[in-house]
Q: 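Before we start, here is the structure in question, set down as structure tokens.
So you know, we letter chains A, B, ... as the sequences are listed, proteins then strands, and number each from 1.
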Protein chains: 2
Amino acid sequence: MHWLNPDEERAWRAFLRVMVTVQAGTSGDLAAVGLSEPDYEVLSTLSERPGHTSTLHAQADKMGWSRSRLSRHASRMEERGLLRRTPDPADGRGCLLVLTEEGLDALTTAASAHVESVRRHFIDRLTPDDLTAIEQIARRLEDPQADNGR
Amino acid sequence: MHWLNPDEERAWRAFLRVMVTVQAGTSGDLAAVGLSEPDYEVLSTLSERPGHTSTLHAQADKMGWSRSRLSRHASRMEERGLLRRTPDPADGRGCLLVLTEEGLDALTTAASAHVESVRRHFIDRLTPDDLTAIEQIARRLEDPQADNGR
DNA sequence: CGGGTGTCGTTGACATGTAAACAATCTACC
DNA sequence: GGTAGATTGTTTACATGTCAACGACACCCG
């Protein structure tokens with residue numbers, strides 16, 4: 001068995017802590033404007049669609065969520081008036097998720113607070129070199145080939 | 001309002017994706033040996049205590065969990081035989097969490113699989129420079145002072 | 001056309017987290 | 001010593017996610 005050496009151990013632990021810290025920061029700031037991170041994710045990806053509309057299935061796909069999860073979350077957001085369900089004219093099984101006025105307003109408000117939050121907790125604390133390093137690290141960690149040789 | 005420029009945007013999105021990807025990788029591998037990440041966290045931090053024992057409150061503190069969460073999780077782990085509750089001789093309100101033989105075995109088995117998993121999903125994909133960069137980035141992101149001047 | 005097969009969104013059963021309230025107990029201070 | 005206030009672990013109520021099963025519909029192919 002090949003354990004982690006001290007450098008590796010520190011880097012791994014640092015990585016774990018950072019995930020928790022940054023997540024807590026941005027999600028706390030979003031909560032202050034009345035949205036959860038999943039809420040924000042739904043609103044912002046939906047707002048990027050033509051007509052602020054998408055099939056539940058397509059939307060779930062784009063966000064990497066299960067249809068089940070999005071269906072439940074959409075119901076909660078519908079109750080809050082952030083979006084609406086409409087029957088899909090192109091597919092009798094499907095439904096369309098449509099952003100409401102209220103949902104768009106909520107997003108607009110939240111967006112600027114969120115960008116500020118991301119700056120405060122993340123961007124502004126890092127140098128341009130750090131940002132470049134993060135992209136490189138991400139490329140390596142996401143490479144689907146990289147875990148072949150074992 | 002000061003939006004993110006393209007470099008910043010890419011770095012932020014990369015960071016978000018990486019959190020999901022690595023988390024999914026290691027937690028999937030842990031599941032294959034019958035533990036969740038929270039399970040592993042409890043087992044490993046508890047095993048570091050003298051006598052493999054700690055009060056619920058101290059343990060929760062050390063892990064950054066609420067007592068409520070740990071109480072619930074400990075109950076589930078107790079049902080599975082991974083740990084045991086004992087009245088705390090030093091505090092009539094409290095209880096001690098004690099790792100069982102079975103819990104220690106589970107940890108021992110899981111630990112080597114987990115290290116291998118961390119290597120495969122994280123360490124082995126990165127250069128020593130990347131690891132150093134991660135530590136530096138973590139220091140900056142965790143600095144409690146850094147969000148003062150705004 | 002007309003079935004077999006697959007996909008869509010929803011739902012039931014459950015797992016796991018949070019926040020707040022609670023009883024039991026400790027602690028500090030007079 | 002005795003009491004006011006904290007702290008401990010649990011619990012209740014709820015929020016949110018998973019997985020599997022489901023009915024309704026679409027689609028392909030003979």
Q: State the CD-CD distance between B:Glu48 and B:Gln59, to the nearest 0.5 angstrom.
A: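 Atom-to-atom, B:Glu48:CD and B:Gln59:CD are 9.0 Å apart.
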Q: Nearest 0.5 angstrom please: B:Thr21 OG1 to B:Phe122 CZ, how far?
A: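 Spacing of OG1 (B:Thr21) from CZ (B:Phe122) equals 12.0 Å.
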Q: If I take atom CE in residue A:Met63 and atom C1' in nucleotide D:dG17, what distance separates them, rounded to the nearest angstrom?
A: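 Whole-Å distance recorded here is 13 Å.
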Q: List in chain and number order the residues that pass salt bridge (charged side-chain N to carboxylate O under 4.0 Å, His left out) with B:Arg72, two or more places apart in sequence or in another chain; answer none if no residue qualifies.
A: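 B:Arg72 satisfies salt bridge (charged side-chain N to carboxylate O under 4.0 Å, His left out) with no other residue.
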Q: Check the distance between D:dT8's C1' and B:Trp65's CH2 and give it to me in whole angstrom.
A: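 Distance check: B:Trp65 CH2 to D:dT8 C1' gives 18 Å.
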Q: Among residues 67-83 of chain B, which contact DNA chain C at a heavy-atom distance under 4.0 Å?
A: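 Here the set is B:Ser68, B:Arg69, B:Arg72, B:His73, B:Arg76.
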Q: Which residue pairs satisfy the ring pair (Phe, Tyr, Trp, His ring centres under 6.0 Å) criterion with at least one member in residues 42-62 of chain B, sequence neighbours excluded?
A: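 Sorted pair list comes back empty.
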Q: With respect to A:Glu142, which candidate in B:Val18, B:Val22, B:Val20 satisfies the side-chain contact (heavy atoms from CB on, under 4.5 Å) definition?
A: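 The side-chain contact (heavy atoms from CB on, under 4.5 Å) with A:Glu142 is passed solely by B:Val18 among B:Val18, B:Val22, B:Val20.
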Q: Could you please spell out the steps behind the side chain to side chain contact (heavy atoms under 4.5 Å, CB included) verdict for B:Lys62 and B:Arg49?
A: CA-CA 11 Å; B:Lys62 175 167 175 177; B:Arg49 301 275 179 153; 2.8 Å; yes
Q: Specify the separation, in whole Å, of atom CD of B:Gln59 and atom C1' of D:dT8.
A: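 Answer to the nearest Å: 15 Å.
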Q: In the hydrophobic clustering (ILVMFWY, side-chain contacts below 4.5 Å, transitive), which residues join A:Leu56, or is it alone?
A: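 Besides A:Leu56, the hydrophobic cluster comprises A:Leu30, A:Val33, A:Leu35, A:Tyr40, A:Val42, A:Leu43, A:Leu46, A:Met63, A:Trp65, A:Leu70, A:Met77, A:Leu82, A:Leu83, A:Leu97, A:Leu99, A:Leu104, A:Leu107, listed by chain and residue number.
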Q: With no hydrogens and no angle check, is any side-chain donor or acceptor of B:Arg125 less than 3.5 Å from a backbone partner on B:Arg120?
A: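 Side chain of B:Arg125 to backbone of B:Arg120: a pair is present.
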Q: Could you grab the distance from atom CG of A:Leu141 to atom CD1 of A:Ile134, nearest 0.5 Å is fine?
A: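 If we round to the nearest 0.5 Å, A:Leu141:CG and A:Ile134:CD1 are 11.5 Å apart.
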Q: Give, for atom CZ of B:Arg119 and atom CH2 of A:Trp3, the distance between the pair rounded to the nearest 0.5 Å.
A: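 CH2 of A:Trp3 is found 10.5 Å from CZ of B:Arg119.
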Q: Tabulate atom names and distances for all N/O pairs under 3.5 angstrom spanning the protein and nucleotides 22-29 of chain C.
A:
{"residue": "C:dT25", "atom": "O2", "partner": "B:Arg93", "partner atom": "NH1", "Å": "3.4"}
{"residue": "C:dC26", "atom": "OP1", "partner": "B:Gly92", "partner atom": "N", "Å": "2.8"}

Q: Check DNA chain D against residues 22-55 of chain B and give the residues with a non-hydrogen atom under 4.0 Å, in numerical order.
A: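 Nucleic-acid contacts, sorted: B:Thr55.
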